[in-house]
Amino acid sequence: MQRRRSTVTLPCTRVATWNVNSIKARSQVVARWLEAEGAELLLIQETKCSDEAFPRAEFEKLGYRVETVGQKSYNGVAILSRVPLTVGHRGLPDDPEDKDARYIEAVVELPAEGKHSRRRALRVVSLYLPNGNPAGSEAFLYKINWMKRLIGHARQLLQDTEPLVLGGDFNVAPGDADVYDPALFGNDALCRPETRARFRELLTLGFTDAIAARHPGPGNYTFWDYQDRAWPKNHGWRIDHLLLSHRALPLLADCGIDRKPRGAPKPSDHVPVWCDLRL
DNA sequence: ATGTCAGCCGGAGGCTGA
């Protein structure tokens, strides 16, 4: 569906990102959310299943194309799209030895509107950045190295002419306002200075954190642990992000975080983050 | 830290990752 703002004639395309914590356990929840909200593009993380096992038919019958980079049990990313898409890299391109399913990118081509319409292409990335806990471990080194690799590849992608959206579970709380108790989690891999410095380095290449730019302030959480009654206590984290390239930022009409699914039956521990692009 | 959840193997429930 194409949305039109009441005061502007340009149509909007909705792009959302959601860590679903197992697509097999969550397919009904995700399908109902798509029916209700009608995003053109959904960037999914933690599918936790192989490509063969992805419940693609449930989404194809809603009109979505389904592209996946999966593995058994862990990780796994996907892109659902109501418009045709061409998949680019599956996995960050610099290290074929890295078997973690954490990265997929694609270019979508929206149908032209009217005979003089400009080309309406958009590049999107669905990424699941390593958690990296505990700080100082091998897992933490892997996380920091993965961020360096992402920065290197993002620099290349910015050479292209298409507007670009990097979406996903970054496992990065960019600032103290993005954690319910920053003092308690100062040494957490999601908050460590090395982690935040790499995230800022990524932004410095030419990206804008959509939620931070449009809705600044504390409490814009996207994740609440299943444990310790985190949701009713609002003990949340803002770690799921939509980063807009300098060519995508001027297209931004609005963005937000949909907390409703966290309070609904069979929730993921993360909620969708969305943006509307005038595209 | 933990009032949890999901996948694994294997055929219950303990282990892992988050």
Side-chain angles (χ1 to χ4, degrees), chain A residues 17-33 43-56 58-59 68-78 91 98-103 126-147 150 167-174 176 178-192 194-196 198-199 221-241 257 259-273:
Chain A
T17 182
W18 195 359
N19 178 323
V20 300
N21 184 22
S22 169
I23 192 61
K24 284 192 279 186
R26 214 73 59 208
S27 62
Q28 291 302 308
V29 168
V30 175
R32 272 186 237 113
W33 184 82
L43 312 171
I44 297 178
Q45 302 84 38
E46 276 207 271
T47 61
K48 291 186 170 177
C49 70
S50 65
D51 295 336
E52 302 73 44
F54 195 102
R56 58 172 48 243
E58 293 188 46
F59 301 104
T68 64
V69 171
Q71 70 186 94
K72 196 173 172 181
S73 309
Y74 306 114
N75 308 320
V77 288
D98 185 358
K99 297 291 186 263
D100 272 15
R102 296 183 177 276
Y103 183 95
S126 176
L127 66 89
Y128 178 46
L129 218 142
N131 176 297
N133 274 308
S137 65
E138 278 296 318
F140 186 69
L141 295 177
Y142 176 66
K143 174 182 196 155
I144 297 298
N145 189 51
W146 206 94
M147 296 184 84
L150 176 63
D169 177 356
F170 284 71
N171 271 311
V172 177
D176 280 353
D178 301 314
V179 195
Y180 73 93
D181 188 344
L184 185 59
F185 293 101
N187 199 39
D188 192 280
L190 283 61
C191 303
R192 286 287 305 166
E194 304 93 312
T195 305
R196 287 177 170 170
R198 291 296 174 191
F199 187 76
Y221 303 140
T222 66
F223 162 82
W224 296 259
D225 202 305
Y226 288 124
Q227 302 183 62
D228 201 28
R229 299 178 65 250
W231 169 249
K233 292 191 287 193
N234 195 29
H235 284 183
W237 303 61
R238 190 176 77 91
I239 57 176
D240 301 271
H241 308 299
I257 299 164
R259 299 166 65 112
K260 291 193 301 296
R262 189 64 181 83
K266 230 175 146 43
S268 170
D269 40 2
H270 298 248
V271 295
V273 182

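Here is how names work: the chains are called A, B, and so on, in the same order as the sequence lines, proteins then strands, and each is numbered from 1.
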J.: If we take the P atom in both B:dT16 and B:dG10, what is their distance in whole Å?
T.: 15 Å

J.: Output the rounded distance in Å from OH (A:Tyr180) to P (B:dA1).
T.: 11 Å

J.: If I take atom CZ in residue A:Phe223 and atom C1' in nucleotide B:dC5, what distance separates them, rounded to the nearest angstrom?
T.: 11 Å

J.: Could you pull out every donor-acceptor pair under 3.5 Å between side chains of residues 139-146 of chain A and any protein atom, sequence neighbours left out?
T.:
from: A:Tyr142; atom 1: OH; to: A:Asp98; atom 2: OD1; distance (Å): 3.0
from: A:Tyr142; atom 1: OH; to: A:Asp98; atom 2: OD2; distance (Å): 3.0
from: A:Tyr142; atom 1: OH; to: A:Asp100; atom 2: OD2; distance (Å): 3.2
from: A:Lys143; atom 1: NZ; to: A:Asn131; atom 2: O; distance (Å): 2.9
from: A:Lys143; atom 1: NZ; to: A:Asn171; atom 2: O; distance (Å): 2.6
from: A:Lys143; atom 1: NZ; to: A:Ala189; atom 2: O; distance (Å): 3.1

J.: If you assign A:Trp237 and A:Asn75 each to the DNA chain B nucleotide with the nearest heavy atom, which residue ends up on the more 5' nucleotide?
T.: A:Trp237

J.: Specify the separation, in whole Å, of atom NZ of A:Lys143 and atom C1' of B:dG17.
T.: 14 Å

J.: Counting only N and O atoms by type, is there a donor-acceptor contact under 3.5 Å from the side chain of A:Arg26 to the main-chain atoms of A:Asn21?
T.: yes

J.: Over all heavy atoms of both residues, which pair between A:Ile257 and A:Tyr221 is shortest? Give the atoms and the distance, please.
T.: CG2-O, 3.5 Å

J.: Taking the same atom, C1', in B:dG3 and in B:dG7, what whole-Å distance lies between them?
T.: 22 Å

J.: Considering only nitrogen or oxygen atoms on both sides, find all protein atoms under 3.5 Å from nucleotides 6-9 of chain B and state each distance.
T.:
from: B:dA6; atom 1: OP1; to: A:Arg26; atom 2: NH1; distance (Å): 3.1
from: B:dA6; atom 1: OP1; to: A:Arg26; atom 2: NH2; distance (Å): 3.3
from: B:dA6; atom 1: OP1; to: A:Lys266; atom 2: NZ; distance (Å): 3.3
from: B:dA6; atom 1: O3'; to: A:Ser22; atom 2: OG; distance (Å): 3.3
from: B:dG7; atom 1: OP1; to: A:Ser22; atom 2: OG; distance (Å): 2.5
from: B:dC9; atom 1: OP1; to: A:Lys72; atom 2: NZ; distance (Å): 3.3

J.: List for me each residue that meets side-chain hydrogen bond (donor to acceptor under 3.5 Å, both in side chains) alongside A:Ser50, sequence neighbours excluded, and say none if there are none.
T.: A:Glu52

J.: Just how far, in rounded Å, is P of B:dA18 from CG of A:Asp269?
T.: 12 Å

J.: For A:Asp228 and B:dG3, give me the distance from atom CG to atom C1', rounded to whole Å.
T.: 7 Å

J.: May I have the distance from A:Glu46 (atom CD) to B:dA18 (atom P), rounded to whole angstrom?
T.: 7 Å

J.: Could you check A:Asn171 against A:Gln227 and say which one's nearest nucleotide on DNA chain B is further toward the 5' end?
T.: A:Gln227

J.: Separation of A:Asp100 atom CG from B:dA18 atom P, in whole Å?
T.: 9 Å

J.: What is the distance, rounded to the nearest whole Å, between atom OH of A:Tyr142 and atom P of B:dA18?
T.: 11 Å

J.: Please give the distance between the C1' atoms of B:dG17 and B:dT2 as a whole number of Å.
T.: 15 Å

J.: Using side-chain heavy atoms (C-beta onward) and a distance below 4.5 Å, is A:Trp18 in contact with A:Pro261?
T.: yes

J.: At 4.0 Å (heavy atoms only), tell me whether A:Tyr128 reaches a base, stays on the sugar-phosphate, or touches nothing.
T.: sugar-phosphate

J.: Taking the side chain as every heavy atom from C-beta outward, state whether A:Asn133 and A:Asp188 have any atom pair closer than 4.5 Å.
T.: yes

J.: Out of A:Asp240, A:Val20, A:Thr222, which one pairs with A:Asp169 under the side-chain contact (heavy atoms from CB on, under 4.5 Å) rule?
T.: A:Asp240

